[in-house]
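Just below is one structure, and these are the notes that go with it.
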Amino acid sequence: GWKWTQRHRAAVVVVLVSVSIALAGGGLALHFHGKLRDQQARTEEKTRLDALVLRADGAYRASQYREAMEALLALKGTTADGATVALRRAICLRECGRREEAEREFAAYVQLHPLDAAAWRHRGLNALEENDLVLAVASYRETAKLLKLTPALEAEAEKDYDAVIALVER
């Protein structure tokens, strides 16, 4: 009796320990499987975004603004949506005649990058194409200041806004 009970208890303890180890191992396996799945999803997303960036860059460089714009709009709000992507998106929107959207993009961009003369120039051109002369002159004035275009600044002081625009655009 007593030895049998001791052996039976020992066997139960061994079984319980074995089951506990197996469950812990299964839990670890599930944990690592979840981490691996998350890492694979991030890698797939990065690959997709990299392909979009390459497509946008190639189309932009080839002056295929509509195709570039589609890719750049798809990148909006993603981890790949940096300064270059944002500025190019605004330029492509302008080139495709979507000037109100372009203005929103330019406004947001120059707020974050106020020393980017090219952005101010493109914003001015967009405003000029929209017949928003107040915004166009203000944007070209910023461009002239940033580029230290003395003749344009002198023309601005004389309120010769056509000359300001012409001097910045040359």
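This is a predicted model, so every value here is computed, not measured. Just so you know, these numbers use all the heavy atoms, side chains as well, and skip hydrogens, waters and symmetry mates.
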message: Counting C-beta onward and ignoring hydrogens, is there a side-chain heavy-atom pair between R123 and T143 closer than 4.5 Å?
response: no

query: Do the non-hydrogen side-chain atoms of R88 and D57 ever get within less than 4.5 Å of each other?
result: yes

- request: Return the set of residues passing salt bridge (Lys or Arg N to Asp or Glu O under 4.0 Å) with D132 (not counting sequence neighbours), or none when no residue passes.
  value: none

message: Checking one residue: Y109. Which other hydrophobic residues are in its cluster under the side-chain 4.5 Å linking rule?
response: Y60, Y65, L87, I91, F106, V110, L115, W120, L146

- prompt: Does L125 share a hydrophobic cluster with L135, counting links as ILVMFWY side-chain heavy atoms below 4.5 Å and allowing steps through other members?
  reply: no

field: A80 to V85 - nearest heavy-atom pair and separation
entry: O-CG2, 3.4 Å

message: Measuring only between side-chain heavy atoms, which start at C-beta, is R98 closer than 4.5 Å to E103?
response: no

message: Once salt bridge (Lys or Arg N to Asp or Glu O under 4.0 Å) is applied, do any residues pair with R48, and if so which ones, sequence neighbours excluded?
response: E45

- prompt: Other than L73, what residues sit in its cluster of Ile, Leu, Val, Met, Phe, Trp and Tyr side chains whose heavy atoms are under 4.5 Å apart, directly or through others?
  reply: M69, L93

Pairwise side-chain contact, E101 with R89, heavy-atom cut-off 4.5 Å (strictly under): no

statement: Between A68 and A59 the two heavy atoms that sit nearest each other are N-CB, 3.6 Å

Set of residues satisfying salt bridge (Lys or Arg N to Asp or Glu O under 4.0 Å) with respect to E70, sequence neighbours excluded: none

message: Just to verify, what does L54 make a side chain to side chain contact (heavy atoms under 4.5 Å, CB included) with, not counting sequence neighbours?
response: none

field: Salt-bridge present (D50, K46; N to O < 4.0 Å)
entry: yes

- prompt: Looking at side-chain heavy atoms only, is the closest gap between R55 and L52 below 4.5 Å?
  reply: yes

field: Nearest heavy atoms of D81 and A86, plus distance in Å
entry: OD1-N, 4.1 Å

- prompt: About how many Å separate CZ of R99 and CG of N131, when rounded to the nearest 0.5 Å?
  reply: 9.5 Å

task: Would you sort out whether E142 and R121 count as a side chain to side chain contact (heavy atoms under 4.5 Å, CB included), showing the intermediate values?
output: CA-CA 8 Å; E142 281 301 311; R121 179 194 158 266; over 6 Å; no

message: To the nearest 0.5 Å, what is the distance between CD on Q40 and OG1 on T47?
response: 11.5 Å

- prompt: How long is the gap from CG on L72 to CD on E67, to the nearest 0.5 Å?
  reply: 10.5 Å

query: What's the spacing between H122 NE2 and S139 OG if we round to 0.5 Å?
result: 12.0 Å

